[in-house]
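Structure record follows, encoded as structure tokens.
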Amino acid sequence: MDVLDDFRPVAEVTADERARVAIGKAGAHKDDRYAVSVNADGAILLTPLVSIPKRELLVWENAELRASLFRGLAEAAEGAARPLSWVTTDVDQDDV
């Protein structure tokens, strides 16, 4: 399958004096991020991206850690969470 097989025409646009092209007609919104790729023919491919802080990357790279985190979030949503003394030692229980 060719990379361009699933593309459909949306609009024709003209670059402005600063070489910018508006892509709102293609569904882009303010602050959307894209990886930009260009092939030998000059076709431009924009791939939507989401950036995360580097400190959160380990959660997405470690399936076991991610599963544990999601289990904990599910338990908290069900009201099954409990304080852990090693985490909450300095927390005043009246503030919880």
Side-chain angles (χ1 to χ4, degrees):
M1 176 170 87
D2 187 76
V3 173
L4 298 178
D5 284 347
D6 291 333
F7 282 77
R8 60 183 169 70
V10 176
E12 184 174 314
V13 296
T14 303
D16 67 12
E17 66 280 351
R18 293 178 57 195
R20 296 176 299 189
V21 175
I23 57 172
K25 291 180 181 178
H29 299 95
K30 181 182 184 304
D31 297 328
D32 284 352
R33 296 177 57 93
Y34 296 89
V36 181
S37 304
V38 179
N39 70 11
D41 294 329
I44 300 170
L45 176 65
L46 302 176
T47 304
L49 295 177
V50 176
S51 297
I52 62 169
K54 190 171 184 176
R55 67 180 180 273
E56 295 176 14
L57 182 60
L58 68 111
V59 173
W60 299 105
E61 292 178 332
N62 184 324
E64 186 177 332
L65 175 60
R66 189 171 52 255
S68 176
L69 178 63
F70 288 154
R71 279 192 307 275
L73 290 171
E75 290 172 6
E78 295 169 358
R82 65 188 192 296
L84 300 173
S85 60
W86 62 273
V87 175
T88 58
T89 302
D90 295 333
V91 175
D92 184 356
Q93 292 302 314
D94 294 333
D95 293 337
V96 177

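All residue numbers refer to positions in the sequence shown, counting from 1.
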Practice task
Consider only side-chain heavy atoms of I, L, V, M, F, W and Y, link residues closer than 4.5 Å, and tell whether V38 and I23 are in one cluster.
Solution key: yes
Practice task
If a pair satisfies side-chain hydrogen bond (donor to acceptor under 3.5 Å, both in side chains) and one of its residues is in residues 44-54, list it, with sequence neighbours excluded.
Solution key: R33-S51
What side-chain donor-acceptor pairs closer than 3.5 Å can you find for residues 14-22, not counting sequence neighbours?
residue	atom	partner	partner atom	Å
D16	OD1	R18	N	2.9
D16	OD1	A19	N	3.2
D16	OD1	R20	N	2.9
D16	OD2	R20	NE	2.8
D16	OD2	R20	NH2	2.9

Exercise for the section: Verify the cluster assignment for I44 and V10: are they in a single hydrophobic cluster under the rule of side-chain heavy atoms below 4.5 Å apart? Expected result: no
Exercise for the section: Mind listing the closest non-hydrogen atom pair of L49 and Y34 along with its distance? Expected result: CD1-C, 3.7 Å
Taking distance alone, no hydrogens or angles, what donor-acceptor pairs closer than 3.5 Å link side-chain atoms of residues 55-67 to residues at least two apart or in another chain?
residue	atom	partner	partner atom	Å
N62	OD1	E64	N	3.1
N62	OD1	L65	N	2.9
R66	NH1	V59	O	3.1
R66	NH1	W60	O	2.8

Exercise for the section: Indicate yes or no for a side-chain donor-acceptor contact from D41 to the backbone of A43 under 3.5 Å, with no hydrogens or angles considered. Expected result: no
Exercise for the section: Group every Ile, Leu, Val, Met, Phe, Trp and Tyr by side-chain heavy-atom contacts under 4.5 Å, then state whether L46 and V13 land in the same group. Expected result: yes
